[in-house]
Peer 1: 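Take this structure first; my questions come after.
Letters A, B, ... mirror the listed sequences (proteins, then strands); counts begin at 1.
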2 protein chains.
Amino acid sequence: MNLTDKQRELIERIGVFQEKAGLQPVAGRIMGLLYVSDKPELTFDEIRETLGISKSATSNALNLLQQLNRLEYITYSGDRKRYFRLKLDKWRDLVLQGVESITDFSETLQEVVAERTGETKEYNQNLLEVADFLKYLHQELPKLLTQWEQQKK
Amino acid sequence: MNLTDKQRELIERIGVFQEKAGLQPVAGRIMGLLYVSDKPELTFDEIRETLGISKSATSNALNLLQQLNRLEYITYSGDRKRYFRLKLDKWRDLVLQGVESITDFSETLQEVVAERTGETKEYNQNLLEVADFLKYLHQELPKLLTQWEQQKK
DNA sequence: AGTATGGTTCTTGAAATTAGGAACCAAAAG
DNA sequence: CTTTTGGTTCCTAATTTCAAGAACCATACT
């Protein structure tokens, strides 16, 4: 597949972004490619060839991205190839899924405070504040999503 | 410094958490230690010794954490040591700081759509939705912080 | 059955990250 | 001005991550 310079640049930028979010480089670029590509559904081989990466790297990254719920593939009868595409329409789920992990840290913080000496009142207070705000976030972010849906209309 | 098993476990958990957020292991553990330690202000050497790490690792991690605005140190006249502590009281700034980076990706997404073919209407629409929600988040999250401050009283 | 296609798995090498040790430096203490 | 203390920097070793290549496997096609 042919890409313009601008497209390639965008792919790299998105790739770096995804790397910072914890993905491996190849996985990030695949995301980028799927964002940018005029065809939003690409085969294994189109991806491999366009990004100039090996089959193994392609296979591993695609599987990872599927596990992370970012990607899926569809098939067409009479065609053995898989057509990979972003799960863009389900981005709301991803958001909500991300929100869940906030609670974990909040709970750890509460454990920390439970374990701490009572001597450091202000410090403990600060910790509880952070924990409480995280809980608040966890509770309010889904609402924000609904509100956004509303005001969009 | 002596730590209980529970404290050590919490430090490791916090450490892993911070690693996932992009810090190096030693830096993550230092954060953990400062969360957990009964003394919230620790010297270079207390940190080094408690975590059993080298001076260089300690020095580098502490400097990194200061750059990232998570840590500061204070001094006491007549005492050459630096006392490192979390910038816990300024966690609101960190939150707001994090919110800023959301916009970047939103803008990249808009660039992507600008570059895309007009053929894939629904796909482009989805991309714009994500971009728009991110902008909404960027705008609403600071408000959420203020709201939380309010309802706390 | 035999072959081609689409994709996976295993092994390995290269590159990047992480952290240790030793030498070093600046300020304070003696 | 010498020594000690607190911390930094440089160099290197070890570990981890990343991705390539080749062998492999399953399904579809002939």
Peer 1: Given dA28(C), dC18(D), dG7(D), which nucleotide is nearest the side-chain atoms of R80(B)?
Peer 2: dA28(C)

Peer 1: Please determine if K143(B) and E140(A) form a salt bridge, counting it only when a charged side-chain N lies under 4.0 Å from a carboxylate O.
Peer 2: no

Peer 1: Could you tell me the separation between the OH atom of Y73(B) and the C1' atom of dG6(D), rounded to a whole number of Å?
Peer 2: 11 Å

Peer 1: Can you tell me which nucleotide in dG7(D), dA28(C), dT8(D) comes closest to the side chain of N63(B)?
Peer 2: dT8(D)

Peer 1: Confirm from the modelled atom types if K81(B) and dG6(D) form a donor-acceptor pair under 3.5 Å, side chain to base only.
Peer 2: no

Peer 1: dT18(C) C1' sits how many Å from I53(B) CD1, rounded?
Peer 2: 12 Å

Peer 1: Select from R29(A) and G78(A) the residue whose nearest nucleotide in DNA chain D is closer to the 5' end of that strand.
Peer 2: R29(A)

Peer 1: Regarding Q18(B) and Y35(B), is there a side-chain donor-to-acceptor distance under 3.5 Å anywhere?
Peer 2: no

Peer 1: Looking across every strand, which nucleic acid part, if any, lies under 4.0 Å from L62(B) by heavy atom: base, sugar-phosphate, or nothing?
Peer 2: nothing

Peer 1: Could you check whether D45(A) pairs with R48(A) (Lys NZ or Arg NE/NH1/NH2 to Asp/Glu carboxylate O, under 4.0 Å)?
Peer 2: yes

Peer 1: Ignoring hydrogens and angles, answer whether the base of dG7(D) and the side-chain atoms of S59(B) contain a donor-acceptor pair closer than 3.5 Å.
Peer 2: no

Peer 1: Measure CZ/R48(B) against C1'/dA19(C) and give the value in whole Å, please.
Peer 2: 14 Å

Peer 1: Between E46(A) (CD) and dG6(C) (P), how many Å, whole number?
Peer 2: 11 Å

Peer 1: A57(B) has a side chain; which of dG7(C), dG7(D), dG20(C) sits nearest to it?
Peer 2: dG20(C)

Peer 1: Where do E129(B) and R92(A) land on the salt bridge (Lys or Arg N to Asp or Glu O under 4.0 Å) test, with the steps shown first?
Peer 2: CA-CA 10 Å; E129(B) 272 189 357; R92(A) 288 163 186 79; 3.1 Å; yes

Peer 1: Using whole Å, report how far OH of Y83(A) lies from P of dG7(C).
Peer 2: 9 Å

Peer 1: E19(A) CD to dT17(D) P: how many Å, rounded?
Peer 2: 14 Å

Peer 1: Quick check: any donor-acceptor pair below 3.5 Å linking the side-chain of S56(B) to the base of dG21(C)?
Peer 2: yes

Peer 1: Separation of D45(B) atom CG from dT5(D) atom C1', in whole Å?
Peer 2: 10 Å

Peer 1: Taking the side chain of N60(B) as heavy atoms from C-beta outward, which of dA26(D), dT8(C), dT9(D) is closest to it?
Peer 2: dT9(D)

Peer 1: Of the nucleotides dT4(D), dA26(D), dG7(C), which one has an atom closest to the side chain of R82(A)?
Peer 2: dG7(C)

Peer 1: By nearest nucleotide on DNA chain D, pick out whichever of K55(A) and Q24(A) is the more 5' one.
Peer 2: Q24(A)

Peer 1: Nearest whole angstrom, please: distance from the C1' of dG6(C) to the CD of E49(A).
Peer 2: 15 Å

Peer 1: With the threshold set at 4.0 Å, does a side-chain nitrogen-carboxylate oxygen contact exist between R13(B) and E9(B)?
Peer 2: yes

